[in-house]
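Down below is the structure, laid out as structure tokens.
The structure presented is a predicted model; accordingly, all values stated were derived computationally and were not measured.
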Amino acid sequence: ESGDVPENFIEKILHHGTFFSNFIVAGNSTRVSVNAFFNGFFGGTTGFNYHYQCDDDFNESQVISLADIFKFNGYRIVAISQGDVYLPTFGFDQFHIFQDTFTPDRIEAMLGLEGSPTFAYLHFSNLHDVAFGRPEIMTPENYRRYLNELAEEVEQVWKRVVGPEDVAVIVSDHGCHLRRSYDPDWHFFFEEEPTGGIFLSEETVRGICSIIAPACFPQRRVDSLVRGVDIFPTLLDGLGIPRPRVQGCSLWKAINDREDFPQLCAYMETGGVRMADGQAISRGIRSRGWKYNRYETKGEELFNLMDDPGERNNLIERSPGDADRMRRKFWNQVQENLAGVEPFYDVDRNLVQRILGARQRQPDVIKGERPSCFKGMIVDTVRSYLRTQLEHYLPLWRLRLERIVIYSASTGVQPSSMI
């Protein structure tokens, strides 16, 4: 909520469609959340539940995405991202990554909107890159500043390429943990949660989403809990496009007052290292009023969000009945995830086989000149910190005769000189 601060274009346009005010993303890292609203499944179900290189998973994916479905229905499919590849490229005719600031002329030329109907995925990363590349400056005031700059960029593109008969979905991949004040001496290894991607705080799993389509989606605010996985079925049902069954719940009838909104629980997971069973190392489940987090490295959390929206009081020991209730919901969801997509796809096997059978080879990924935001975080002080830690622990590991394997893509540590 912007309060007394003037609304920018993004904040205004959200209310021009069906705006989900209580939107919970599937994970507080980009790959987890983007794939969830692109295919309607949680990351623990598809395997897209971590944030490191996913190329092999993407190349072998049999999960149907929005790109697959729109391509199957005759659309031209284009992705233009200011960041990396965050989802399988099946179905796309063109996939551009690391593109610079989105100017209207350039976007219009790349989309080529003449001719066939077009499904376009535009991934804006300017705010994201500042938040993760320079987290030491990410105070509420600076966040507002960069959000306004992003809104100006979105507005220019919107006015050029989005027409009155078009359908547009504005959705955030995850939220951002802000700090109280600017710290010029801050480095990300001083705290556990620099900006996002590690823990499942409300700051990082709350998102925004609005489906703006005057011809079919009504202008209204939905305060019921809505999840990232619900976008896939809701959007396609609203457009009357056949789809396979997924974990997400279609809200199309409820949006049009033909049924009540369901009382949903949001499953959440982080994008770090996976466990032996393929599940994320940090997972949780959130109802309308309660939230249960399970961290394999630091235990369990239970919060009553109605009384404690800031998540300051962990009730895991003091409220055993509520803890057991939320644990059951959590483990039921985990078991469903472990079964994979097949129990859902079996219901619509003929449609699934037709869509997968129509897939063409994945397109070449066209890389621009924009640098990765994470380069700003890998600085000499971080390399020095990692080297110091390794030099401290290596003698202890040697005394225990442990086998030591060190892999680093960024620290500059040479394993042969350390071991």
Side-chain angles (χ1 to χ4, degrees), residues 13-26 33 35-42 45-46 63-66 68-70 73 119 165-172 205-268 285-292 305-306 325-326 328-330 332-333 335-337 339 341-352 355:
I13 203 68
L14 291 173
H15 298 282
H16 288 200
T18 301
F19 170 50
F20 304 112
S21 65
N22 191 11
F23 185 69
I24 308 299
V25 300
S33 57
N35 279 282
F37 62 71
F38 245 81
N39 59 44
F41 289 102
F42 296 114
T45 305
T46 61
V63 182
I64 292 172
S65 74
L66 287 173
D68 284 314
I69 290 183
F70 280 106
N73 283 275
F119 171 81
E165 301 300 318
D166 291 331
V167 176
V169 180
I170 291 185
V171 60
S172 62
V205 301
R206 290 290 296 267
I208 61 170
C209 183
S210 184
I211 302 177
I212 304 158
C216 51
F217 278 83
Q219 184 174 335
R220 67 174 297 184
R221 174 178 171 134
V222 175
D223 291 325
S224 299
L225 188 150
V226 175
R227 310 161 303 175
V229 293
D230 302 324
I231 302 307
F232 177 99
T234 301
L235 175 64
L236 293 174
D237 287 359
L239 298 177
I241 297 177
R243 60 169 179 87
R245 182 169 171 255
V246 293
Q247 281 179 303
C249 177
S250 175
L251 305 173
W252 172 241
K253 291 182 179 179
I255 288 170
N256 288 278
D257 295 324
R258 296 203 296 271
E259 64 183 30
D260 294 334
F261 279 92
Q263 298 297 310
L264 300 171
C265 283
Y267 176 80
M268 310 156 297
I285 199 158
R286 186 190 187 281
S287 66
R288 178 72 178 180
W290 289 86
K291 184 177 183 182
Y292 168 82
L305 297 176
M306 295 297 186
R325 174 175 57 85
M326 293 302 290
R328 285 194 296 271
K329 292 179 182 292
F330 170 79
N332 287 341
Q333 186 63 66
Q335 290 304 309
E336 180 181 287
N337 294 350
V341 302
E342 293 307 316
F344 295 90
Y345 282 174
D346 282 344
V347 177
D348 307 287
R349 180 54 58 184
N350 182 54
L351 176 62
V352 168
I355 293 173

Under the rule for side-chain hydrogen bond (donor to acceptor under 3.5 Å, both in side chains), what residues qualify as partners of [X], not counting sequence neighbours?
| X | answer |
| --- | --- |
| S250 | D237 |
| D223 | S21, R221 |
| N337 | T45, Q247, Q333 |

Closest approach of [X] and [Y], non-hydrogen atoms and distance?
| X | Y | result |
| --- | --- | --- |
| I69 | P244 | CD1-CD, 3.9 Å |
| I211 | L235 | CG2-CD1, 4.3 Å |
| G207 | S172 | CA-OG, 3.2 Å |
| S33 | V25 | CB-CB, 4.2 Å |
| P214 | D166 | CD-O, 4.3 Å |

Would a distance-only check, ignoring hydrogens and angles, find a side-chain to backbone donor-acceptor pair under 3.5 Å from [X] to [Y]?
| X | Y | answer |
| --- | --- | --- |
| Q219 | T18 | no |
| D68 | I64 | no |
| S65 | F38 | no |

Start with the C-alpha gap between N22 and V226, add the side-chain angles, then the distance that decides, and say whether side chain to side chain contact (heavy atoms under 4.5 Å, CB included) holds. CA-CA 6 Å; N22 191 11; V226 175; over 6 Å; no
Is the centre of the F37 ring less than 6.0 Å from the centre of the F23 ring? no
Pair V229-F41, side chain to side chain contact (heavy atoms under 4.5 Å, CB included): steps then yes or no: CA-CA 6 Å; V229 293; F41 289 102; 5.5 Å; no
Roughly how far, to the nearest 0.5 Å, is the [atom2] atom of [Y] from the [atom1] atom of [X]?
| X | Y | atom1 | atom2 | result |
| --- | --- | --- | --- | --- |
| H16 | I13 | NE2 | CD1 | 4.5 Å |
| F119 | L66 | CZ | CG | 5.0 Å |
| L225 | L264 | CG | CG | 6.5 Å |

Stepwise side chain to side chain contact (heavy atoms under 4.5 Å, CB included) test for F42 and R227: CA-CA 10 Å; F42 296 114; R227 310 161 303 175; 3.9 Å; yes
Side chain to side chain contact (heavy atoms under 4.5 Å, CB included) with C209: of V222, V169, D230, only one passes, and it is V169
Excluding sequence neighbours, so at least two apart, what forms side-chain contact (heavy atoms from CB on, under 4.5 Å) with R245? F344, V347, D348
Test of understanding: with side-chain contact (heavy atoms from CB on, under 4.5 Å), list the residues that count as partners of K329, not counting sequence neighbours. C265, I285, R325, M326
Please tabulate, one pair per line, all N/O donor-acceptor pairs under 3.5 Å involving side-chain atoms of residues 256-263, not counting sequence neighbours.
residue: N256; atom: ND2; partner: W252; partner atom: O; Å: 2.9
residue: D257; atom: OD1; partner: R220; partner atom: NH1; Å: 3.2

With the side chain counted from C-beta on, respond yes when Y267 and I24 share a heavy-atom pair under 4.5 Å apart, and no when they do not. no
